[in-house]
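Each chain gets a letter, A, B and so on, in the order its sequence line appears, and its residues count up from 1. Because the structure is a prediction, the values reported are computed rather than measured.
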Protein chains: 2
Amino acid sequence: MVQKGVATLTDVTDSATAKGEQTRELILSTALRLFREQGYGKTTMRVIAAEAGVSVGNAYYYYSSKEHLMQAYYDHLQAQHREAVVDILESEKSFTKRLGGVLHSWLEVSAPYHEFAGTFFKNAAEPKSPLSPFSEQSRPARDASVEVFRQVVDGSDLKLAPDLKAELPELLWLMQMGIVLFWVHDDSDGLRRTKALIDRSVPLVDKLLRLTRIPGVRGVTNDIVGLVRSIKA
Amino acid sequence: MVQKGVATLTDVTDSATAKGEQTRELILSTALRLFREQGYGKTTMRVIAAEAGVSVGNAYYYYSSKEHLMQAYYDHLQAQHREAVVDILESEKSFTKRLGGVLHSWLEVSAPYHEFAGTFFKNAAEPKSPLSPFSEQSRPARDASVEVFRQVVDGSDLKLAPDLKAELPELLWLMQMGIVLFWVHDDSDGLRRTKALIDRSVPLVDKLLRLTRIPGVRGVTNDIVGLVRSIKA
DNA sequence: CCGCCTTCTTGAACATGTTCAAAACGTCGG
DNA sequence: CCGACGTTTTGAACATGTTCAAGAAGGCGG
């Protein structure tokens with residue numbers, strides 16, 4: 001009765017045991033393909049069901065809404081990004097290269113979906129939606145994402161006050177959200193503008209962080225850290 | 001044939017001449033009332049039409065989509081805010097008080113709509129949507145909003161490098177977008193958390209801006225200004 | 001007053017996300 | 001193999017934003 005679709009979020013179990021699991025996968029992969037091929041808006045539930053060779057009702061049995069299919073897509077992306085980033089995090093020490101690498105890597109992974117990402121964003125913006133990056137339901141994905149940025153910081157040559165260092169990953173995650181927002185609106189050739197944004201922001205962030213060592217700046221830094229903490233509470 | 005609804009955005013002509021103008025107004029006011037009373041999602045076009053005493057098709061003759069009705073609502077809010085802010089901008093000189101006043105004022109004006117603002121935001125987040133704060137269609141409203149922040153800056157005691165001063169209004173507008181995002185997700189009593197956010201961010205922004213006078217910070221400031229400019233282009 | 005053109009109005013029809021009651025299927029104790 | 005019960009599957013029905021072909025209203029030159 002209760003939709004099982006939600007449970008899939010962290011489902012990494014081998015597909016041996018489950019029965020309908022195959023059908024679920026089939027529906028998902030069909031949906032993702034169609035989303036990619038013709039965008040989210042133009043892909044109807046009827047077509048997804050038809051191409052997957054099941055009935056409309058059956059699709060809803062596994063995914064309680066079109067949004068849930070989108071959610072699955074989101075998780076898929078996230079996982080791909082984490083994989084794509086391993087190499088960079090292992091080989092690079094420079095903070096700017098690590099951060100830039102991670103951000104550009106996200107761009108590459110997400111590129112095929114740029115066209116219909118807008119619709120995703122639309123749904124994500126609704127506070128009550130489980131798709132919202134701030135929602136409880138997407139906490140696992142969010143935490144995983146923040147974790148990547150923690151690795152970016154921790155494995156780098158960056159020297160920072162412990163307070164700031166602790167909050168920085170979350171701030172970088174927020175930065176990425178901003179970049180995503182820009183990206184969604186970016187229709188330049190080959191995402192030129194978003195790439196430029198990353199290439200200019202990364203050194204800027206680096207500069208800013210190094211500035212925090214100047215005595216006069218220390219105070220504001222602490223204020224920012226305090227603000228961030230109070231927001232999270 | 002082409003929808004006249006769009007033209008209304010900047011339509012300030014007296015209602016004497018037009019014929020269907022009365023019908024248009026009737027539909028709009030009915031829609032706004034219903035949006036307020038039962039939210040955007042639960043208000044159907046059929047009900048709007050019925051309550052306004054016209055046919056569904058007729059509503060579409062004047063407003064080419066439900067979103068267009070929302071757009072009208074948005075403009076309404078914006079105008080209210082501009083009015084509410086006049087007093088503060090005339091009486092106060094302190095930058096923090098001006099900025100804080102404007103932000104809190106926005107909060108007050110928007111409070112009655114907080115509950116269904118989420119739905120509004122959802123639609124606004126879609127890049128292609130005319131409701132997006134970054135879209136071409138909402139440029140007039142956006143410009144008007146930025147203009148308010150320009151007044152905040154210009155009429156204040158703030159001393160800044162001309163470059164920064166020129167870009168600051170747009171940055172403050174962006175800050176407000178951030179606050180709105182927070183606000184939409186804020187379900188604390190009496191919007192306590194959003195108010196706290198404003199009260200903590202405003203002095204912080206002030207501090208930050210004053211920091212830009214420190215020689216070592218100047219460089220980063222210029223970088224930021226450059227980045228903002230390149231984004232706008 | 002008549003024909004004609006523009007403006008306005010209508011409601012049925014359409015597209016699509018979603019629901020639901022019923023049926024098919026599978027499994028397991030007997 | 002039987003029957004009962006949980007799981008899966010079905011497709012028709014529903015709700016609602018949107019379109020469209022047809023008609024009504026209103027004015028205007030003759």
Ring pair (Phe, Tyr, Trp, His ring centres under 6.0 Å) against [X], all qualifying residues, sequence neighbours excluded:
| X | answer |
| --- | --- |
| B:His104 | none |
| B:Tyr40 | B:Phe35 |
| B:Tyr113 | B:Tyr73 |

Within this structure, what is the [atom1]-to-[atom2] distance between [X] and [N], rounded to whole angstrom?
| X | N | atom1 | atom2 | result |
| --- | --- | --- | --- | --- |
| A:Met45 | C:dG17 | CE | C1' | 8 Å |
| B:Lys42 | D:dA15 | NZ | P | 16 Å |
| A:Tyr63 | D:dT9 | OH | P | 12 Å |
| A:Glu67 | C:dT16 | CD | C1' | 15 Å |
| B:Tyr61 | C:dC8 | OH | C1' | 5 Å |
| B:Leu34 | D:dT16 | CG | P | 13 Å |
| B:Gln22 | C:dT7 | CD | C1' | 16 Å |
| B:Met70 | D:dG17 | CE | P | 12 Å |

Polar pairs (N or O, both sides) under 3.5 Å between protein and nucleotides 12-14 of chain D?
none

Check: Out of D:dT10, C:dT18, C:dT9, which nucleotide sits closest to the side chain of A:Ser55?
Finding: D:dT10
Checklist line | Closest to the B:Val54 side chain, choosing from C:dT10, C:dG17, D:dT8 | finding: C:dT10
Notebook entry, point to check: For the side chain of B:His114 and the backbone of B:Ser110, is there at least one donor-acceptor N/O pair under 3.5 Å apart?
Noted result: no
Margin query: Keeping A:Arg98 on the side-chain end and A:Gln151 on the backbone end, is there a donor-acceptor pair under 3.5 Å?
Written below: yes
Check: Is any side-chain nitrogen or oxygen of A:Thr23 closer than 4.0 Å to OP1 or OP2 of D:dT9?
Finding: yes
Notebook entry, point to check: Between C:dC8 and B:Asn58, is there an OP1 or OP2 to side-chain N/O distance shorter than 4.0 Å?
Noted result: no
Next item on the list: Please name all residues satisfying salt bridge (Lys or Arg N to Asp or Glu O under 4.0 Å) with A:Glu167, sequence neighbours left out, ordered by chain then number.
Entry: A:Arg229, A:Lys232
List the atom pairs, with distances to 0.1 Å, where a side-chain N or O of residues 46-56 of chain B and a protein N or O form a donor-acceptor pair under 3.5 Å, not counting sequence neighbours.
| residue | atom | partner | partner atom | Å |
| --- | --- | --- | --- | --- |
| B:Glu51 | OE1 | B:Arg33 | NH2 | 2.8 |
| B:Ser55 | OG | B:Asn58 | N | 3.2 |

